[in-house]
Structures are given as C-alpha cells and as structure tokens.
2 protein chains.
Amino acid sequence: MATIYEVSKLAGVSLATVSRVMNQNAYVTDETKKKVLDAMKELDYRPNSAAQSLALNRSDSVGVLVAELDGPFYGPVMSGVESELRKAGKHVIVAAGHDEEETEKEGVEFLIGRGCDALILLAETLSNEYLVELAKGSTPFVMLNRTTPGLESQCISLDNHLGGYMASKLLVDQGHREIAYISGPLWKHDAEDRYAGHKQALEEAGLTQDPELLFESDYREAGGSSGLLHLINSGKKFTALACANDEMASGAMMSAAQKGLSIPQDLSIVGFDNVHYARLLTPSLTTVEFPIHEMGKMAARWVLKNAYGKKKLSYNNYFSPKLIQRHSSKAISS
Amino acid sequence: MATIYEVSKLAGVSLATVSRVMNQNAYVTDETKKKVLDAMKELDYRPNSAAQSLALNRSDSVGVLVAELDGPFYGPVMSGVESELRKAGKHVIVAAGHDEEETEKEGVEFLIGRGCDALILLAETLSNEYLVELAKGSTPFVMLNRTTPGLESQCISLDNHLGGYMASKLLVDQGHREIAYISGPLWKHDAEDRYAGHKQALEEAGLTQDPELLFESDYREAGGSSGLLHLINSGKKFTALACANDEMASGAMMSAAQKGLSIPQDLSIVGFDNVHYARLLTPSLTTVEFPIHEMGKMAARWVLKNAYGKKKLSYNNYFSPKLIQRHSSKAISS
DNA sequence: CTGTTAGCGCTTTCAA
DNA sequence: TTGAAAGCGCTAACAG
C-alpha cells in the first residue's frame, strides 16, 4: 500500500501538500492539486485510517450496542443507524449484549476500547448508576428506549406508557371488561411503563387489573405461548388479552389456536411494537407502532450533532406511539 | 486518557517493558510486572487502539457487507458473525449494500478504506469479475451464499439447487401436477439455482414448467402478493405454488386469502429459507431450511483462520438444505 | 501557496 | 530481563 510519502515524492511536493489536497481545506494551486491527484491515482493511494485516527485522535467510528442483532425489533434499529451514519462517512461497529448485564458492560468496554467516537446504546440491563458514571467519561453516548434521570438530553425514547394505554383503551372501548395482560419483565423500564399505561386505561373505565389475569413474561414468543396457557389454566374468564409486545402476542395466538380459541371471536388480542410480521399473522395483529427505525436514525443524528459537531442537525428526543388497528381484536358481542 | 508513557513513568520502567506486560509474551519479572499492572490500574490505562493498529498494521476489525441490516434473513447472519468474532476479540463493522451494485462496491471500498483486516460479503450484485479482481488485493474476504469460479475456497454456500428440488419434489410427491412458481430475480445465482432445482423435480415426474405459471419476482413480500395475483389472472389452473423464498410465500398467502382461496385445501404453498415467522403464519409454512446463522458463524471462522492465522479452526464450505414440512401444503385430493 | 518538523501512542529490533 | 530508539502513516502548527 502506497503511503502519503510515496505520493509526495511522485508528485514532487511535500507531505503536507498531499495532506492538504486530501483534506480539501487549505490553499493549494489547481496545478499542484492536479499533480497530487494524478500521483494518488497512479499509486492507487488510500489513506491509512489508523494513522489518521492516531493523528486526529478520532476514529470516525461509532459503536452500537443492542441486545440482539437479529429479531424483528433490533434489525430496524441497526438499519436506521447505519444508513444515517454511513452517509456521513462514519463507521458502525456493532456488539450484542444479549440482555445480560455483564455482557452489556463488556460490550460497552469493548466499543470504547476500540476508540469509538461515540456510542449508541439500546441496553436494558445497564443500571442508571452505571450510565451516569459512564457519562462522566470522555465517550459521548446516546440511549434508545430509556430515560435515565440526569441524562435526559441523551435519551431518545418512546412514550411507552401512552402506548400501553392506547392498546388497552381500545379493548376497553370495544366493551371488554375481563382483560388479561402478559407483560414483559417488569424490571425493564419499558415493560413497566407499558403495564402502567394498561392499568390507567382500565382505571379510567372503572376497572382494575385482576392479579390472576396478569402474567409476567419475557418479551419472547415462547413466553407469550406459555403465558396464555397459564392464564387459561387459571380458570378465570377473560375476553381480551393485551400483550406487551408482538412477539409474545404471536406466541399467545399460537396457544389460542392450539386450545381451539378463535381470534377475535373468542378472544381479542393486542400487541405492541408493530413488528414487520404483525400484518402477516392470521388474523392480522392489532398493535401499537414503535417507530424504532426512525428512532435509530435520530440516535445517529444525535451522534453526528453531539460528537461530530454537525451543528445544523436536529433530532427528536421523544416519540409518540400510534395505534394500528387490525383484525385480532373486535367489539365484544353482547 | 493515560498513555503508555505515563504508565512507564509511574511504574519506573521503560515503555518497552510496559508494552511487554501488555502483550503477555516476553520475559518480565513477576515483580516488575506487578509494578506495571498496578500503575496501569491506578491510571485506568487503556491502550490506544489506533496506535496499536498503526504499529501492528492490523486493525482487529472485520467488515461485513449485507444487503440489509434488518429483515428475517440478514439479521441471523449478523448475529452469527458477531458472536463468533467478538469471542475472538475482533470488531465487526457493518455496511448495507441495498442490493445495488454501486452501493455494494462503495460498501466494499468503505470497509477496506477503514483498514478492515478481512471482509465477509453477502452481496448478490457484485460481479464475479469484480470479486476476482478484489481477490488480487491484500484484504482477504469470504463470500456467503454464492460460488465464484476460481474463488471456491473462499465461498460458503448452500446447495440452493437441492433446496429448490426438495421443495418442489414434495409437491410432486403430494400428487400435484399443475404447479406454479414464483422465482426470485433470475439474474441472482441463488434464484437461478432454486428454480433449476424446481424444474428438475418436475422433470423427474415427467412434467415441465408451464411458462405461464412462472412469475419472476423480487424476493419480497409484495412481489409474492402481486405474483400470485398475476398467476391467478392468467386463468391457468394450478393446485400448488412454490415460492423461491418465504417472504414471497407470505405475500402469496395474503393474496390467496384475499382471493378467497384457502390454503392448503385450494392451493398448496411452499417457501424457502425457513425464516423465523414461517412457523407463525396460518397455516404454518412448509419450507426449506437455510442455516444462515450457522453459515454466518462459519464465515467468521473462515476469517479467523485465514486472516488471523488461527490454524486449528475448521469450517464448512458447503451446507445442505433441509425440508421443513408444515401445514401449507397437502396431498392433492383426487 | 508550500515545505519542515514535531508529534499522535504503540511495537519491536538491537544493545546492554 | 530491561532500556533506547527507530519507525508505523498522517496531521497541523510554524516558517518561509
């Protein structure tokens, strides 16, 4: 690989001049510029990015930590982040945290160790304390789908409470009175918020959540399946089920089918997230849209603005959910 | 951030010694080693990875190019690659190629420019010529889901022909005689191979593909939807439909429902890939398993072995598909 | 407008 | 077993 030195020799100029034409900025005669450009082309020169990073103290790469790289929820984040950052010439380095505190911390260390200029974190298990501590360090970071007290300006989140409310409000409006709920892990902020929203919808209708009709699960399809089975086995009657995400809702739908319940006739179901395949289920799943792709883009813009000084960029910190009404829930037949 | 120099001063040794204890290898007294370690801890020292890269001429990062970062197919690749590489302390830099030749080339350049030690390419639009040329360069790379003549040893692929054969063979065995086919873009190697396998299954049964029952589509759900509509509108009768991937199959299922066709009674459908949600469709989709997550892992191991000299590692170059029989196809009722 | 030069932080001979 | 010193390739003052 050719170096800047060889280019300078071939072009008959100094290192500095080559550097100047590379970095566009400084004053260089069109004539010398051409000589340099020609030399570069001839040698198929490419700047060594490690050397640049070292000299500039900047790596032009940003680290992204998510729980998983696959799955209907994380993929769209990644894609939103990548498209925005790539346009700006920044590199995206990924790490999966697998929803385990130790692994997520390691992920953060790993990314910082790599010299990432900034981090985008979609991590549930990291404690607020850890994040506050991290914020004292020199690597700027933005968080997705959480709000850490004291760090609000670097959080990009959705109103999960409102989303939970909207989903359950629909059920209530459709006349349901016995409503079961399968939550995510309640130590997770979003799971807690969604459930709180759900309860608010019930309360406004003068209802309360029957504890026997609440099942705390894990946001996974299998968890939704076993959740519904558990609820059915409790012997309590219910005409509707709200799930804290679509994956659990789809699991619940499978269990319902297996138990011979037809949806929405025997049981109305609503989900949350509006993952890609929610439309493809039969019946199509009523859910709440989580604009995660868009939020990924915003996180990228936050980074561009706050870590790379692109002043002009603007971004949203707070997103609102939207109810997507499809065919898995219906008005109760009286 | 502390540098190696400050550590050496605090520990009262030279730079070289600090470097030695970092790199475990050389002979250092336990005593001096301890002094150095203590100093590192006290200063919260972390090596600057750009400086290391520059000195070692190695970045410890590998670039991964896929068409999209989301979607049921690419997510699992990424996750397989990341888990394997991360274990080895290597960084994963991602780029999306969006199935456009220009963008994919740019992606490759981008990744090479970043100084990636190796590349993992899951790119359909890159021509064999380009890849052969690329192979002359100094960045080693491995390709997923394609076989480039002359570069076989750096290709990790699935027997798409066999997969296509298995899917259609099932339909034939179930007694279907009028079989429609929705292919992927036929300029893509895998689409072509799958279709060829399909034709072979027909031929062995003494059938040929009716050109009017062939629809070339785009591997996308909407393409599957419109594909089936088109086939139905042709007026030709058919009792089964093979789709070159699950996304198109799910689109076709939606069109079928819309047209009042019930599956599998009125029409048997098979897909390809066994994406995560194939099980969740109603009826569950019969398909061919594409072990893409596993193949991603193998690509990572290829890199570890061939770019990082981990001799002991072994990997598979060639994978076999597996038929996953579910409920979207049934024996024809005679 | 262009050249000289001093680093950026680390690895690695070569000597001691 | 340890230290001195020469790069790795590039940027950014500072002179001219």
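Note: hydrogens, waters and symmetry copies are ignored here, and every other heavy atom, side chains too, is used. Below, chain A is the first sequence line, B the second, and so on; all start at residue 1.
- The backbone N or O of H91(A) lies less than 3.5 Å from no partner atom in the side chain of S61(A), so there is not a single donor-acceptor pair.
- Residue T32(A) is classed as a sugar-phosphate contact, given heavy-atom separations below 4.0 Å to backbone atoms only.
- The shortest distance between the side-chain N/O atoms of S14(B) and the OP1/OP2 oxygens of dT2(D) is not below 4.0 Å.
- Within the nucleic acid shown, V13(A) comes within 4.0 Å of sugar-phosphate atoms alone, with no base atom in reach, counting heavy atoms only.
- Here dG7(C) presents its C1' atom at 16 Å from CD1 of I4(B), a figure rounded to the nearest Å.
- When the P atom of dT11(C) is taken as reference, atom OH of Y5(B) falls 17 Å away, rounded to whole Å.
- In this structure, the NZ atom of K9(A) is 21 Å from the P atom of dT2(C), given to the nearest Å.
- In this structure, the CD atom of E31(A) is 8 Å from the P atom of dT2(C), given to the nearest Å.
- K310(A) places no side-chain N or O within donor-acceptor distance of the main-chain N or O of L304(A), the cut-off being under 3.5 Å.
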| request: For salt bridge (charged side-chain N to carboxylate O under 4.0 Å, His left out), just list the numbers for R220(B) and D99(B), CA-CA rounded to whole Å, side-chain angles, deciding distance to a tenth of an Å, and then say yes or no. | output: CA-CA 12 Å; R220(B) 287 200 272 237; D99(B) 241 340; over 6 Å; no
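- Atom CZ of R58(B) is separated from atom C1' of dG9(C) by 16 Å (rounded to the nearest Å).
- Side-chain N/O atoms of Q52(B) include none lying less than 4.0 angstrom from OP1 or OP2 on dG9(C).
- Nucleotides of DNA chain C nearest to L15(B) and A16(A) differ in position, and the one nearer the 5' end is that of A16(A).
- Dashed line: the shortest gap from a side-chain N or O of T29(A) to OP1 or OP2 of dT2(C) is under 4.0 Å.
- Within 6.0 Å of atom NZ in K305(A), more than 12 heavy atoms from other residues, nucleotides or ligands are found, so the atom counts as buried in its surroundings.
- Toward the 5′ end of DNA chain D lies the nearest nucleotide of T17(B), the other residue of the pair Y45(A) and T17(B) mapping further downstream.
- At a threshold of 4.0 angstrom between heavy atoms, the contacts of N48(B) are confined to the sugar-phosphate backbone, with no base atom among them.
- A sub-4.0 Å separation between OP1 or OP2 of dT11(D) and a side-chain N or O of S19(A) is present.
- Rounded to whole Å, atom C1' of dT13(C) lies 14 Å from atom CG of L56(B).
- We find that CG of L54(B) is positioned 9 Å from C1' of dC8(C), with the value rounded to whole Å.
- Applying the 3.5 Å distance criterion, the base of dG3(C) shares a donor-acceptor pair with the side chain of R20(A).
- Ionic pairing of K9(A) and E6(A) is not present here: no N-O contact between side-chain nitrogen and carboxylate oxygen is shorter than 4.0 angstrom.
- Counting to the nearest Å, the C1' atom of dT1(D) and the NZ atom of K34(B) are 19 Å from each other.
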